[in-house]
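The sequence lines fix the lettering, A, B, ..., with proteins before strands; numbering per chain opens at 1.
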Amino acid sequence: MPELPEVETVRDGLARWVVGRTVASVEVRHPRAVRRHLLGAADLGARLAGARITAASRRGKYLWLPLASAAETDSALVAHLGMSGQLLVRPADSPDERHLHVRIRFADVPPDGTGTELRFVDQRTFGGLMLDQLVPAVDRPDERLPAQVRHIARDPLDPHFDDAIFSARLRRRDSALKRALLDQSLISGVGNIYADESLWRARLHGERRGQTLRPAQVRELLTQVRAVLTESLRAGGTSFDALYVNVNGEGGYFERALNVYGREGEPCPRCGTAIRRLAFMNRSSFLCPNCQRRPRS
DNA sequence: ATCGGTCCCTGTGTGC
DNA sequence: TGCACACAGGGACCGA
């Protein structure tokens with residue numbers, strides 16, 4: 001569910017509210033939430049206890065909190081929100097959420113005993129937490145990221161995103177443009193909403209093959225991807241319902257700015273043609289059949 | 001090395 | 001009111 005603007009909004013909240021704090025204890029209430037931590041919930045809890053959170057980082061839709069303690073120096077708590085995951089900073093005495101799967105208590109509880117805790121809540125359980133080692137990034141060895149995140153490409157707002165490499169790889173592909181935009185090892189942070197919005201802005205049909213794009217079209221596409229991600233980030237992301245929220249439980253406001261996503265039957269804001277919904281890749285794609293011409297097959 | 005399809009879950013809305 | 005089905009911001013994995 002959450003894409004770059006939503007995940008970055010969460011990262012920013014973590015940077016404000018949990019960086020610098022020391023973990024006291026971890027309570028795993030649903031084992032599936034830590035299934036990717038192969039050593040199990042007990043190991044995760046034991047290693048997190050006593051560790052100080054030193055930063056809040058992100059690559060694409062992955063988040064991680066680097067740790068510092070006697071035992072954990074090059075490790076991080078890695079989180080992926082999947083379709084419905086939330087990281088919430090909540091008062092310790094606030095009621096448990098229905099799908100609260102992991103609770104992280106901090107050592108710095110004020111005297112009144114009502115400090116905040118970090119909660120991982122996830123209705124559909126596609127997301128999860130794990131501890132992982134930090135390793136050098138492939139392209140910039142001075143930069144570190146969790147080993148499990150190495151295969152994720154940089155996102156288009158990352159200052160070290162390489163436009164030329166992206167263009168070359170995209171134009172070599174025999175796959176549909178939309179599939180390529182959703183491939184996190186090619187470009188990260190873009191999901192179903194922002195792929196559709198970017199393609200509409202660039203007037204490209206999602207079923208166009210990467211190979212058929214001219215370099216100028218790839219540049220235009222990248223420009224529009226960046227524009228829509230930046231605008232959404234400024235609005236705090238897109239919240240169709242209460243599933244995507246920031247760490248304080250608040251939604252974002254970008255839904256009203258969407259041009260095609262979820263707007264089947266409504267007029268295209270550019271030409272007035274009715275927006276169409278296509279089933280594609282087991283997902284919905286929304287597009288303007290006039291502005292985004294289907295490629296000849 | 002790529003590509004497309006399938007599966008993992010729970011909840012909500014729709015139509016019969 | 002109940003039930004069946006489609007669908008939902010993702011991605012790992014598996015054959016071809």
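- Checked by atom type, the side-chain pair A:R179/A:S175 shows no donor-acceptor distance below 3.5 Å.
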Sequence-aligned protein contact record of nucleotides 3-9 of chain B, with B where the base is within under 4.0 Å of a protein heavy atom and S where only the sugar-phosphate is: SB-B-BB

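- Nearest nucleotide to the side chain of A:H99, out of B:dT10, C:dG10, C:dG11: B:dT10.
- Distance noted for atom P between C:dC14 and B:dC9: 16 Å (whole Å).
- Within the nucleic acid shown, A:F240 comes within 4.0 Å of at least one base atom, counting heavy atoms only.
- Counting any heavy atom pair closer than 4.0 Å across all strands shown, A:F254 reaches no nucleic acid atom.
- Across all strands shown, A:R169 has no heavy atoms under 4.0 Å from either base or sugar-phosphate atoms.
- Of the side-chain N and O atoms in A:S84, none sit less than 4.0 angstrom from OP1 or OP2 of B:dG11.
- Donor-acceptor pairing under 3.5 Å is recorded for the side chains of A:D122 and A:S84.
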Strand DNA chain B in bracket notation, Watson-Crick/G-U under 3.5 Å with | for pairs to another chain: .|||||||.|||||||

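- Distance A:L182 CG to B:dT2 P: 17 Å, rounded to the nearest Å.
- Nucleotide C:dA12 holds its C1' atom 11 Å from the CD atom of A:Q148, rounded to whole Å.
- When the P atom of C:dG10 is taken as reference, atom CD1 of A:I193 falls 7 Å away, rounded to whole Å.
- An OP1 or OP2 oxygen of C:dA12 is reached within less than 4.0 angstrom by no side-chain nitrogen or oxygen of A:H80.
- Between A:Q292 and A:H205, the shortest heavy-atom contact is O-CD2, 3.4 Å.
- Side-chain N/O atoms of A:E72 and A:S75 include a donor and acceptor closer than 3.5 Å.
- Taking atom CG of A:D241 as the reference point, atom P of C:dC7 lies 17 Å away to the nearest angstrom.
- Rounding to whole angstrom units, CD of residue A:Q86 and C1' of B:dT10 are separated by 13 Å.
- Checking A:Y194 against A:T238 by side-chain atom types alone, a donor-acceptor pair falls below 3.5 Å.
- A:Y244 has no side-chain polar atom (N or O) that falls below the 4.0 Å cut-off from OP1 or OP2 of C:dG10.
- Separating the P atom of C:dA6 from that of B:dT6 is a span of 14 Å, rounded to the nearest Å.
- The CZ-P distance, from A:R35 to C:dA12, rounds to 10 Å in whole Å.
- Each of A:I152 and A:S284 has a nearest nucleotide on DNA chain C; the 5'-most of these lies closest to A:S284.
- Side-chain contact annotation: A:R201 with A:T223, donor-acceptor N/O pair under 3.5 Å absent.
- Judged by distance alone, the side chain of A:Q184 and the main-chain N or O of A:L182 form a donor-acceptor pair under 3.5 Å.
- Between A:R98 and the phosphate of B:dG11, there is a side-chain N or O to OP1/OP2 separation shorter than 4.0 Å.
- Side chain to side chain, A:D139 and A:H160 fail the donor-acceptor criterion of an N or O pair below 3.5 Å.
- Distance, A:H101 NE2 to B:dT10 P: 9 Å, rounded to whole Å.
- A:R154 and A:D162 are not joined by a salt bridge, as no carboxylate oxygen comes within less than 4.0 angstrom of a charged side-chain nitrogen.
- To the nearest angstrom, P of B:dT10 lies 11 Å from CG of A:D122.
- Side-chain N/O atoms of A:H151 include none lying less than 4.0 angstrom from OP1 or OP2 on C:dG11.
- Between A:E8 and the options A:K61, A:R58, A:R234, a salt bridge (charged side-chain N to carboxylate O under 4.0 Å, His left out) holds for only A:R58.
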